[in-house]
Amino acid sequence: MTDYDYDLFVIGAGSGGVRASRMAAGHGARVAVAEERYLGGTCVNVGCVPKKLLVCASAVADHYREAAGFGWAAEQPAFDWARLIANKNREIERLNGIYRGLLDSAGVELVEGRAGLLDPHTVEIDGGDAGRRRVTADQVLVAVGSWPDMPPIPGIEHAISSNEAFYLERLPERFAVVGGGYIGVEFAGIFAGLGCDVTLVYRGPLFLRGFDEEIRTYLAGEMRSRGIELRFDSRVESIEETAGSGDRLRLHLDNGEAIRCGEVLYATGRRPLVTDLGLENCGVAQGELGEVLVDEYSRSNVPNIWAIGDVTDRLNLTPVAIHEAMCLSRTLYGGEPTPVDHESVATAVFSQPPLAAVGLTEEEARTRYGEVDVYRSRFRPLKLTLTDNQERTLVKLIVDRASGRVLGAHMLGADAPEIIQGLVIAVKMGATKDDFDAAMAIHPTSAEEFVTLR
Ligand code: NDP
């Protein structure tokens with residue numbers, strides 16, 4: 001117990017902030033969390049959850065196409081974007097309610113409004129019509145997340161970010177995506193599956209920089225064979241709005257060509273959402289993008305101010321923010337200082353087909369370990385053998401030759417995220433190739449390839 005109004009004041013009720021609040025309250029701390037926008041943050045409202053629902057929606061087109069091979073003669077029914085978005089919105093509202101309930105049942109006070117720091121122990125909340133008020137807290141956690149960032153090129157005001165893509169009123173006939181990261185690749189797949197002509201423009205030679213090169217080369221091939229136009233080594237110099245109906249936009253590229261489209265989605269990264277937070281009132285050290293600089297316990301240079309999630313720009317993934325939240329509440333209130341473990345973080349891109357990975361890429365492993373063995377298998381999934389879908393799956397294990405330890409597991413193909421999730425435990429535990437080989441296969445599956453690689 002302290003003399004402050006709260007033991008912990010959390011700014012931002014996203015994935016990280018909510019988890020930290022609930023866990024801290026579970027340890028007996030008096031906790032409040034401020035939220036100005038939506039409960040559950042980006043992940044629940046304009047990120048992971050609605051994105052996955054849209055991926056599922058667009059994959060239905062494949063199921064209809066493949067059905068004929070299994071003897072089902074069916075016309076592909078019409079698709080209704082408005083109905084999908086309405087259903088998605090209803091589900092998000094349900095989840096918002098669940099988050100509210102979780103905070104409530106944990107005894108966390110939810111403060112609706114915009115919070116900013118006046119000094120390291122004083123927070124001012126602007127609750128709109130509810131007015132302004134000041135509260136004090138022993139510890140403050142900044143968990144405000146990030147926001148889409150777009151380059152300031154002429155005409156950028158005509159572009160949408162992922163935030164708006166989830167609420168488009170209608171599907172454009174032609175859709176363009178700029179950026180070759182998670183969001184660009186995922187939305188290219190979603191809109192192509194839903195019937196749009198999609199062009200993805202990326203400034204480098206191959207998208208998804210940082211992922212295993214062979215896997216992303218393979219994905220590029222699969223996306224092209226689904227009719228998505230990939231323009232690598234290309235930059236958009238300006239966006240022009242044109243009169244008339246149909247494709248209302250022209251993207252002017254650096255090579256002089258133009259791309260016509262009805263909408264352009266910019267997915268060129270995100271920035272920590274630190275504007276007007278009052279960090280400068282407290283002397284909190286920030287990096288180039290405004291990110292809060294923290295140590296391995298998520299503590300800033302101001303001893304009672306902590307930060308987790310995208311606002312720290314470490315590894316900007318929801319499960320990482322949640323892990324950081326759990327470490328933080330253990331450190332602060334569990335009597336067990338717990339540094340964050342950012343090693344072997346698994347990740348997935350919900351492209352079509354999806355990609356998932358844990359551990360090192362082949363390139364990283366060769367740099368760090370020198371001698372590595374690479375095991376791979378390319379195959380046509382059994383489910384597709386009766387269909388005209390020629391998609392192939394690629395699985396890949398990277399093994400340290402000296403110790404036999406599996407350094408990385410990668411997969412591109414149906415169910416890759418589900419399969420890699422199971423392998424994360426083995427890779428994290430330091431399993432060797434022999435351990436993988438000793439595991440019995442489940443036949444017939446795609447996952448069995450990981451234990452039968454020669
Ligand atoms: P990413 O950082 O993943 O990718 C940004 C892309 O935009 C890169 O291809 C980058 O190129 C390119 N880019 C950056 N600046 C410019 C510019 N000025 N002009 C042209 N291209 C540019 O960001 P996203 O927006 O895709 O996603 C944001 C974050 O959200 C990710 O970091 C990820 O952590 C998270 N996320 C995770 C998901 C998941 O787990 N499945 C799904 C969606 C988002 P270059 O490679 O050359 O730098």
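Heavy-atom basis, side chains included; hydrogens, waters and symmetry copies ignored. Counting begins at 1 with the first residue of the sequence.
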Using side-chain heavy atoms (C-beta onward) and a distance below 4.5 Å, is [X] in contact with [Y]?
X	Y	value
R226	D62	yes
E222	R224	no
R22	L103	yes
R134	V123	no
Y333	D7	yes
T217	E214	no
R231	Y202	no
V264	I160	no

Can a cation-pi geometry be assigned to R209 and F232, taking NZ or CZ under 6.0 Å from the six-membered ring centre and within 45° of the ring axis?
->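 No, R209 does not sit over the ring of F232.
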Heavy-atom count around E237 CD within 6.0 Å, excluding the residue itself: above 12?
->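 Yes, because the 6.0 Å sphere around CD of E237 holds more than 12 heavy atoms from other groups.
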Are more than 12 heavy atoms from other residues, nucleotides or ligands located less than 6.0 Å from atom CD of E343?
->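 No.
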For a quick test of your reading: what N or O donor-acceptor pairs under 3.5 Å do the side chains of residues 315-329 make, sequence neighbours left out?
{"from": "N316", "atom 1": "ND2", "to": "D313", "atom 2": "OD1", "distance (Å)": "2.9"}
{"from": "H323", "atom 1": "NE2", "to": "D341", "atom 2": "N", "distance (Å)": "3.3"}
{"from": "E324", "atom 1": "OE1", "to": "G309", "atom 2": "N", "distance (Å)": "2.8"}
{"from": "E324", "atom 1": "OE1", "to": "R314", "atom 2": "NH2", "distance (Å)": "3.3"}
{"from": "E324", "atom 1": "OE2", "to": "H342", "atom 2": "NE2", "distance (Å)": "2.8"}
{"from": "S329", "atom 1": "OG", "to": "A325", "atom 2": "O", "distance (Å)": "3.0"}
{"from": "S329", "atom 1": "OG", "to": "M326", "atom 2": "O", "distance (Å)": "3.3"}

Search all heavy atoms of [X] against all heavy atoms of [Y] and return the closest pair with its distance.
X	Y	answer
S58	L194	CA-CD2, 3.5 Å
A414	P353	N-CB, 4.4 Å
S446	I419	CB-CD1, 4.3 Å
G290	V274	O-CG1, 3.5 Å
P151	I156	O-CG1, 3.4 Å
T361	G210	CG2-O, 3.5 Å

Compile the donor-acceptor pairs under 3.5 Å between side chains in residues 43-56 and protein atoms, sequence neighbours left out, one pair per line.
{"from": "N45", "atom 1": "OD1", "to": "N96", "atom 2": "ND2", "distance (Å)": "3.2"}
{"from": "N45", "atom 1": "ND2", "to": "L39", "atom 2": "O", "distance (Å)": "3.0"}
{"from": "N45", "atom 1": "ND2", "to": "G41", "atom 2": "O", "distance (Å)": "2.8"}
{"from": "K51", "atom 1": "NZ", "to": "E186", "atom 2": "OE1", "distance (Å)": "2.8"}
{"from": "K51", "atom 1": "NZ", "to": "E186", "atom 2": "OE2", "distance (Å)": "3.3"}

Reported [atom1]-to-[atom2] distance for the pair [X] and [Y], which is rounded to 0.5 angstrom:
X	Y	atom1	atom2	value
D415	Q421	CG	CD	13.5 Å
E257	L251	CD	CG	12.0 Å
S351	L412	OG	CG	6.0 Å
H158	I153	NE2	CD1	10.0 Å
L277	L279	CG	CG	5.0 Å
E164	L265	CD	CG	9.0 Å

Can you name the salt bridge (Lys or Arg N to Asp or Glu O under 4.0 Å) partners of D435, sequence neighbours left out?
->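 Partners of D435 under the salt bridge (Lys or Arg N to Asp or Glu O under 4.0 Å) test: none.
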Compile the donor-acceptor pairs under 3.5 Å between side chains in residues 11-18 and protein atoms, sequence neighbours left out, one pair per line.
none

Report the C-alpha separation of R37 and L273 in whole Å, then their side-chain angles, then the decisive distance to 0.1 Å, and conclude whether the side-chain contact (heavy atoms from CB on, under 4.5 Å) test is met.
-> CA-CA 12 Å; R37 202 167 287 110; L273 194 50; 3.7 Å; yes
For [Y], does its backbone N or O pair with a side-chain atom of [X] as donor and acceptor, under 3.5 Å?
X	Y	answer
E363	E213	yes
R30	Y4	yes
D212	H410	no
R248	E263	no
T331	Y297	no
D80	R83	yes
D5	V135	no
E291	L289	yes
R216	F211	yes
R299	P303	yes

Would a line drawn from the ring center of F187 to the ring center of F350 be shorter than 6.0 Å?
->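 No, ring centres 6.0 Å or more apart.
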Would you please indicate if the ring centroids of F450 and F436 are separated by under 6.0 Å?
->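 That pair fails the under 6.0 Å test.
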Scan for side chain to side chain donor-acceptor pair (under 3.5 Å) pairs involving residues 264-283, sequence neighbours excluded, and state none if there are none.
->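 Qualifying pairs, neighbours excluded: T42-R270, S146-R270, D149-R271.
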Option passing salt bridge (charged side-chain N to carboxylate O under 4.0 Å, His left out) with E124 (candidates R132, R114, R133) =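 For E124, the salt bridge (charged side-chain N to carboxylate O under 4.0 Å, His left out) test succeeds with only one of R132, R114, R133, which is R132.
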Dump the intermediate steps for side-chain contact (heavy atoms from CB on, under 4.5 Å) on S298 and T312, then the final yes or no.
-> CA-CA 8 Å; S298 302; T312 62; over 6 Å; no
Taking it one step at a time, do R203 and D233 satisfy side-chain contact (heavy atoms from CB on, under 4.5 Å)?
-> CA-CA 5 Å; R203 62 184 178 181; D233 286 318; over 6 Å; no
Given the rule in the side-chain contact (heavy atoms from CB on, under 4.5 Å) test, do E241 and L249 qualify, once you have shown the distances and angles that lead to the verdict?
-> CA-CA 5 Å; E241 189 172 36; L249 300 175; 4.2 Å; yes
Donor + acceptor pair across side chains of [X], [Y] (<3.5 Å):
X	Y	value
E109	Y6	yes
E364	T367	no
Y369	S403	no

Among L332, V10, V294, whose side-chain contact (heavy atoms from CB on, under 4.5 Å) with W306 holds?
->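 Single pass found, and it is L332.
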Would R94 and E91 pass as an ion pair if we require N to O under 4.0 Å?
->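 Looking at E91 together with R94, the answer is yes, because their closest N to O distance falls below 4.0 Å.
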When you look at Y182 and T347, which way does the side chain to side chain donor-acceptor pair (under 3.5 Å) test go after all the steps?
-> CA-CA 10 Å; Y182 285 85; T347 184; 2.6 Å; yes
What side-chain donor-acceptor pairs closer than 3.5 Å can you find for residues 167-179, not counting sequence neighbours?
{"from": "R174", "atom 1": "NE", "to": "D247", "atom 2": "OD2", "distance (Å)": "2.8"}
{"from": "R174", "atom 1": "NH2", "to": "D247", "atom 2": "OD2", "distance (Å)": "3.0"}

